[in-house]
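Letters go in sequence order (proteins before strands), and every chain restarts at 1. Predicted, not measured: the structure shown is a model, and the values here were computed from it. When reading the values below, keep in mind they use all heavy atoms of this one structure, side chains included, and skip hydrogens, waters and symmetry mates.
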Amino acid sequence: MTVHEPIYITTPLYYVNDELHLGHATTTIYADTLARFWRACGRPVLFLTGSDEHGQKIHKAATAAGTDPKSFADRIVGKFFELWDALDITYDVFIRTTDDFHKHAVQQLFTRLNSNGLVYTGKYEALYCVDCETNSTEKDLVEGRCPIHKSVPQKVQEENWFFRLSAFTDRVREHIEKHPASIVPEARRNEILGKLKEGLLDSSVSRTTFTWGVPLPWDSRHVLWVWSDALVNYISALGWPGGKALPTDAIAGRRRHQHTRAVGETPFAYWWPHSVHLVGKDILWHHTAVWWSMLLGAGISPPRQVFAHGWWTVEGDKMSKTLGNVIRPLDVATRYGRDALRYHVLREGPARGDADWRQALFVARYNADLANGLGNLVNRSLNMLGKYCDGKVPAEAAFADPALETLRLALGARVDRLLGALSAKVSELDLDGALEEIWLLVRDANAFVNTSAPFKLAKDPARKQDLQAAMHALCQVVHALCHAVAPFLPDAGTRIAAQLQLAPGQPLPEGLRWGALPAGHQTGKPEPLFARIEEANA
RNA sequence: GGCUGGGUAGCUCAGGUGGUUAGAGCAUAGGAUUCAUAACCCUAAGGUCGCGGGUUCGACUCCCGCCCCAGCUACCA
C-alpha cells in the first residue's frame, strides 16, 4: 500500500432543482467513507462535493417560485449544507458553479478549446416535446410521436456552438484500454467501450434561449449548456489553471474538514493526477466520453478513475416522487442514527449493481450486525472489564490451556492483519468487502468470549492468569474495532473511543495493532452502542 | 434490435484453468450458556449451481441453442 500517494475524491455536483434523496446521499457516503479511511491511513486526501446551479430548469423553477435563479439556488444549497452537516460529511471543498472562480475557469477552458480549433458554430436541431419538456431524437419517437405523451414534438432550431467530440473517439478508447482501472466496475467500462465503437458525435455546448449560465467569452449571446459548465468543477475547484491555493479556502463555510495542503506545487498539479470521480450510473457517459474529451482537447489528462454505482429501488419499485416512495436520508438518520444509514448504504447499497431498499432488511441488518454483533461485543467486553478488572486494561498474558492460547493468538493475528485487509478492499472501492473483514473479527471475538468464558474464569481464583489473558485480548479487539469502524461508522468510532477513554481519530496504522492499548489504561463506563430496533413486522 | 452483465440455499451474494460430501452472512429449527442490548456461541436442515443438447472417464464449471432478468443505446442531473 502506498500510503503517501494523494487521493482526490469527488462526488458529482448535485443539481439544485430539488431536495436531495437517498441516491445523492449514497454517492456522498461512499466518498466520505473513502475520505475518512484514507485520512486515517495517513494518506493526503482532498474530498470535493458541491452544487450545480445553472441551466434552464433552475431559471424556470426560480421564476415559478417568484424569485431569481441565484436566490433560488441559495435556498436549495442551504438545504444541501444542512444535510451534509447532519450526516457529518467531511468534505474539504464545497464548490458552487455560480462561484466566480469557477465561471472564470470554465471560460478559460472553452477559450482554450476554441483556440485549439475544437469548437465551431452550427445549427442545433431537435424535436422538443412540450409535455416532456425535453428534446428527443428521431429514434425516441414512435411514428413521429412522443411515446409517452403521443403528441407530435415541435421542431426547434437554434444556432449553437459545437464541440468536436468526434475528434476524440480513438483517444478516449485508447486511454481506457491502456488504463483498464480508469472506469469501474468492469461492466460499466464495457458499456462505455461499446458506445465508443459507434463513434462520438459532435455535441452542442451552448444555448441562446436563456441567460442563466456561463457566457461564452467570445460570444456573449451564448451561455454554456449546464453540463459543459458543471463538469469543469473538478478542475476549477483545484484552482486550475494556475491557482496557488484552493479557491474555496477564501470563501467562508465551504468546508467541513481541513484538507491536506498541496506541497511544492499548485493544488491542480498536486491533486489532479490522483482524481477519483464517484458518480451514479446515469451520468457515467458525461463523466467519461464527454468530460475526458474536453480535458484532452485542453491538453489535460483524464481523471485517474471514474467509479459508477447503481441505483436504489424501494421495496422493489423505482424510487420516484410520483410513487411517493422517495427515501429521505435525513429521515432515516433522525430515526435510527446516521451510522445506521451509513451502514446500510455501505453494506446493502448499489455499489455494484442496483440495490433494493427494504425496511425489513434494514432492520434485520441493523439488529444482527450493529446491535447484536458489534454493539453487544463491545458492551459485554467492557462490562466484564469493569467487573473483573476495575475497568483497567490488564497486561498481556498467555492461557495455560493450549487450545485457548491458540485461539488468543489467532485473534491477535486477525487484528494485526486487519489494516492490510481493509486497505486492499478499500483500494478496490469494495467498502462492503471491507465491512465484511471487520465483521469477521467481530464474530471471532464473540466466539472467543464464549469459549474462553471470562465470566467463569472470574469465579476461580486459580485461573487469574487466564482471566487476564482473555480480558487483555478483548481490550485489544475493542480498541482495534474502535479504529477500524470509525471511517465507516464515525459516531460508533467516537463513542467506543469515549468508552475506552481515548481521544478519537488516532491513525489506523497505530490503532490497528495488537497491544496498542497499553496495560493499566483506565476505561470508562460501558454503554450500549446501538439500541435494538423493535418494530412490529417492520 | 444491437452491445454488456447476470440467472448458485427462503433472502443477499461468494466461488470454481472440469475431478471426492458446492460456500458465507441473514432468516429457520434444535442445543448450550449467562458477561451482555431475550443478545452471544455450537449444531442442523435447506441447493437437479435458469432450461435443453454436445464435448469428456467425469461439467455446476468448456461449447452450441433457448428462456428469463438487469444495464447501456449520448445532449435527460
Could you tell me if [Y] and [X] have a donor-acceptor pair between their side chains, going purely by distance under 3.5 Å?
X	Y	result
A/His54	A/Tyr15	no
A/Ser182	A/Gln305	no
A/Gln468	A/His472	no
A/Asp369	A/Tyr343	yes

Where the side chain of A/Lys195 is defined as all heavy atoms beyond and including C-beta, which of B/rA36, B/rC72, B/rU33 is the nearest nucleotide?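 Nearest listed nucleotide: B/rC72.
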Across the strands shown, which category fits [X] at heavy-atom distances under 4.0 angstrom: base, sugar-phosphate, nothing?
X	value
A/Gly386	nothing
A/Ala447	sugar-phosphate
A/Leu200	base
A/Tyr15	sugar-phosphate
A/Leu13	base
A/Leu529	base
A/Asp52	base
A/Phe530	base
A/Lys57	sugar-phosphate
A/Leu201	base
A/Asn450	base
A/Pro528	base
A/Asn17	sugar-phosphate
A/Asn160	nothing

Distance in angstrom units between [X] [atom1] and [N] [atom2], rounded:
X	N	atom1	atom2	value
A/Asn379	B/rA36	CG	P	8 Å
A/Asn446	B/rA36	CG	C1'	9 Å
A/Arg443	B/rC40	CZ	C1'	13 Å

Who pairs with [N] - Watson-Crick or G-U, where each distance is under 3.5 Å:
N	answer
B/rC35	none
B/rC26	B/rG10
B/rU21	none
B/rC40	none

[N] versus [M] - spacing of their [atom1] atoms, nearest Å:
N	M	atom1	answer
B/rA44	B/rG6	P	33 Å
B/rU21	B/rU56	P	23 Å
B/rG54	B/rG18	C1'	15 Å
B/rU48	B/rG7	C1'	15 Å
B/rG25	B/rU8	C1'	15 Å
B/rC51	B/rU61	P	10 Å
B/rC11	B/rG47	C1'	14 Å
B/rA70	B/rG23	P	32 Å

Between the base of B/rC35 and the side chain of A/Asn383, is there a donor and acceptor pair under 3.5 angstrom?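 Between B/rC35 and A/Asn383, which were checked side chain against base, a qualifying N/O pair under 3.5 Å is absent.
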Nearest-nucleotide comparison on RNA chain B, the residue closer to the 5′ end among A/Gly373 and A/Arg347: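 Nearest nucleotide further toward 5': that of A/Arg347.
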Residue mapping more 5' on RNA chain B - nearest nucleotide basis, A/Ala531 or A/Phe162: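 Upstream on the strand: A/Ala531.
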Looking at A/Arg365, does any N or O in its side chain come under 4.0 Å of the phosphate oxygens OP1/OP2 on B/rG25?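 False: A/Arg365 side-chain N/O out of range (4.0 Å or more) of B/rG25 OP1/OP2.
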Determine: side-chain N/O of A/Lys387 to OP1/OP2 of B/rA36, distance under 4.0 Å, yes or no.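 A/Lys387 to B/rA36 OP1/OP2: side-chain N or O found under 4.0 Å.
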Once the angle between the rings of [X] and [Y] is folded into 0 to 90°, is it parallel (under 30°), tilted (30 to 60°) or perpendicular (over 60°)?
X	Y	answer
A/Trp84	A/Tyr14	tilted
A/His277	A/His287	perpendicular
A/Phe81	A/Phe94	tilted

Atom CG of A/Asn376 and atom CZ of A/Arg532: how far apart are they, to the nearest 0.5 Å?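 Here the interatomic distance stands at 9.5 Å.
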